[in-house]
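See below for the structure under consideration.
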2 protein chains.
Amino acid sequence: MDFSELKSVCYGCSIRELCLPEGLTDEEVLLLDQHMLHRVPVRKGEPLYRTGDPFKSLYAVSTGFFKTSILHEDGRTQVTGFQMAGEVLGLDAISTDHHICDAIALEDSAVCEIDFNQFEQLGQLMSNLQHRFNKTLSREIVRDQGIMLLLGSMRAEERLAAFLVNLAKRFSARRQSASQLVLRMTREDIGSYLGIKLETVSRILSRFHDQQLLEVRGRHIRILQPQGLDRLLNSNI
Amino acid sequence: MDFSELKSVCYGCSIRELCLPEGLTDEEVLLLDQHMLHRVPVRKGEPLYRTGDPFKSLYAVSTGFFKTSILHEDGRTQVTGFQMAGEVLGLDAISTDHHICDAIALEDSAVCEIDFNQFEQLGQLMSNLQHRFNKTLSREIVRDQGIMLLLGSMRAEERLAAFLVNLAKRFSARRQSASQLVLRMTREDIGSYLGIKLETVSRILSRFHDQQLLEVRGRHIRILQPQGLDRLLNSNI
DNA sequence: ACTATACTTTGATCCAGATCAAAGTATAGT
DNA sequence: ACTATACTTTGATCTGGATCAAAGTATAGT
């Protein structure tokens, strides 16, 4: 079995890029890469999946940017996350075999599709993989609880600071600039995610700009005082 | 291997009672029950675990009632859930090998402790168990996202209605009355969970009482018009 | 390059829920 | 049963963020 051959199955889609985390042997990586079906491109604005679609695969974002949002019967909508390269989409669908949110590309993107049945079988063969996957699922729970803390007990200004700090950290983990952010989502998306209105997002960004914490030019944001944002976050008035 | 002997390891703690769900064979149930260490009693007000404690076990609530809450550095606190018989505590700790929340008993309770290392090994032997556990973790993600929707886009009245409807549903699934609720938590706990202040919780309960939706006598609540609560929930003004 | 459409900013006003305050009611320990 | 402590209710007032409105700025399609 030739490594380069495997790579051709899904170019650029090694398991190493998935947040399905480190700690796998090379053999395990190879086996896993085999099970990634084709690389799927998703055009900006298009859904990768929609609420109610049958669940078949997990998706690791390869390039690009997504948002996920859930839909309440009465038409209300809530953005539940933004996913960038290396992050996994579809974990919530395991529970019901149907997707319970929409995943929309916010720019031209590509994902690696992982057949979940095959993946589970592989987990039976490799305890380490299964262990890692348990951690991945648990990490998603922790992430969600962090957002519950944010939505349940922070003021609008703190929410936005937390959002920016989090984005910067994730960009920086991907060796992109932690101070130069290009937002892929609208003010409305941000507001929905943070439980505030788009006007409030805009006003607070302007305020941060006036306070020299940020430089805001539309969706281009430069963080001038990261410690300033951190301080705001941990102040609790 | 004798069933009654196994039962004595942790009386009343069959895997069937864990929300680690249905679909296991009797053999699997037996093997699993073996791995439940002793039944652990927890006194009202006492922690089952605290933030930072090393993660060793999952806990299935056997009897009683718990709350989990996370603690922000600056002292803010957020109740992230209430757990009753059959629900599992500790899933969030898998990700970091340390508990990231406090689990406090709200009445004298008992849990079944499940050694997680042993449980993972068992999962390797029984693909079905592992499959079910993946679903359990995923279900927790779905639950959390439901709370995000609640916190991000509902008004206080709707949050409280959603809370009561959810509690009633869970009681009813446990063959307890769906209309006669005895709340185990304070108004402050409820408020923290719902992202509103305790005074607001109290006022809205009184309002529901005035509107004949509920009968409220302290922590004893009788739901008079379940459809009224549902309507409120799906109205979106 | 042009035009339509979608997004963003900013201002003026309003209101749901927070805060402050105080009285009333459980609950637990002696 | 008594008393202390913790919890709950209700009232009065305030305020952060929502809502309504309108002008300004990107972006995409022709």
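Residue numbers begin at 1 in each chain, while the letters A, B, ... track the order of the sequences.
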Measure from [atom1] on [X] to [atom2] on [N] and round the result to the nearest Å.
| X | N | atom1 | atom2 | answer |
| --- | --- | --- | --- | --- |
| A:Ile204 | C:dT8 | CD1 | P | 15 Å |
| B:Met185 | D:dT8 | CE | P | 11 Å |
| B:Leu106 | C:dT27 | CG | P | 14 Å |
| B:Lys197 | D:dC7 | NZ | C1' | 16 Å |
| A:Met154 | D:dG16 | CE | P | 18 Å |
| A:Ile196 | D:dT19 | CD1 | C1' | 15 Å |
| A:Leu160 | C:dT9 | CG | P | 11 Å |
| B:Asp108 | C:dT27 | CG | C1' | 14 Å |

Picking from [options], which would you name as closest to the side chain of [X]?
| X | options | value |
| --- | --- | --- |
| B:Arg187 | D:dA18, C:dA28, D:dT8 | D:dT8 |
| B:Thr200 | C:dT10, C:dA18, C:dT8 | C:dA18 |
| A:Glu199 | C:dA18, C:dA12, D:dA21 | D:dA21 |
| B:Leu198 | C:dA18, D:dT9, D:dA18 | D:dT9 |

Min side-chain heavy-atom separation B:Glu107-B:Ser109 under 4.5 Å: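 Result yes, sub-4.5 Å side-chain heavy-atom pair found.
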
Side-chain contact test, heavy atoms from C-beta onward, threshold under 4.5 Å: evaluate it for B:Arg219 versus B:Thr186 and give yes or no.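 Yes, side chains in contact.
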
Looking only at heavy atoms, which two atoms of A:Gln78 and A:Ser192 are closest? And how far apart?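 Heavy atoms of A:Gln78 and A:Ser192 come nearest at NE2-O, 3.0 Å.
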
Residue matched to C:dT9 through Watson-Crick or wobble contacts both under 3.5 angstrom: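 C:dT9 is paired, partner D:dA22.
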
Return the pairing partner of D:dA1 with a 3.5 Å limit on both distances, Watson-Crick or G-U wobble; otherwise return none.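 Across any shown strand, D:dA1 pairs with C:dT30.
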
May I ask you to say what [X] touches in the nucleic acid, namely base, sugar-phosphate or nothing, with a heavy-atom cut-off under 4.0 Å?
| X | result |
| --- | --- |
| B:Ser202 | base |
| B:Arg219 | sugar-phosphate |
| A:Leu205 | nothing |

Quiz question: going by heavy-atom distance under 3.5 Å, is there a donor-acceptor pair between the base of C:dG11 and the side chain of A:Arg203?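 Side chain to base: pair found, below 3.5 Å.
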
Measure the spacing between CD1 of A:Ile141 and SG of B:Cys101 and express it to the nearest 0.5 Å.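 Nearest 0.5 Å value for the CD1-SG distance: 10.5 Å.
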
Between A:Thr186 and B:Gly218, which residue's closest nucleotide on DNA chain C lies nearer the 5′ terminus?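 Taking each residue's closest nucleotide, the earlier one in sequence belongs to A:Thr186.
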
Phosphate oxygens OP1/OP2 of C:dT10: is one of them under 4.0 Å from a side-chain N or O of A:Ser206?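 Checking C:dT10 against A:Ser206, a side-chain N or O does come within under 4.0 Å of OP1 or OP2.
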
Any B:Lys44 side-chain N or O less than 4.0 Å from OP1/OP2 of C:dT27: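 False: B:Lys44 side-chain N/O out of range (4.0 Å or more) of C:dT27 OP1/OP2.
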
Want to settle it: does B:Val201 or A:His220 sit nearer the 5' end of DNA chain D, counting the closest nucleotide to each?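 By nearest-heavy-atom nucleotide position, the 5'-most residue is B:Val201.
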
So that I can tick it off, tell me whether B:Arg174 and B:Glu87 are bridged by a salt bridge, with the cut-off set at under 4.0 angstrom between side-chain N and carboxylate O.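 Here B:Glu87 pairs with B:Arg174 in a salt bridge, since their nearest N and O are under 4.0 Å apart.
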
Salt bridge check: are B:Arg50 and B:Asp102 linked by an N-O gap of less than 4.0 Å?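 The answer is yes: the pair qualifies as a salt bridge.
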
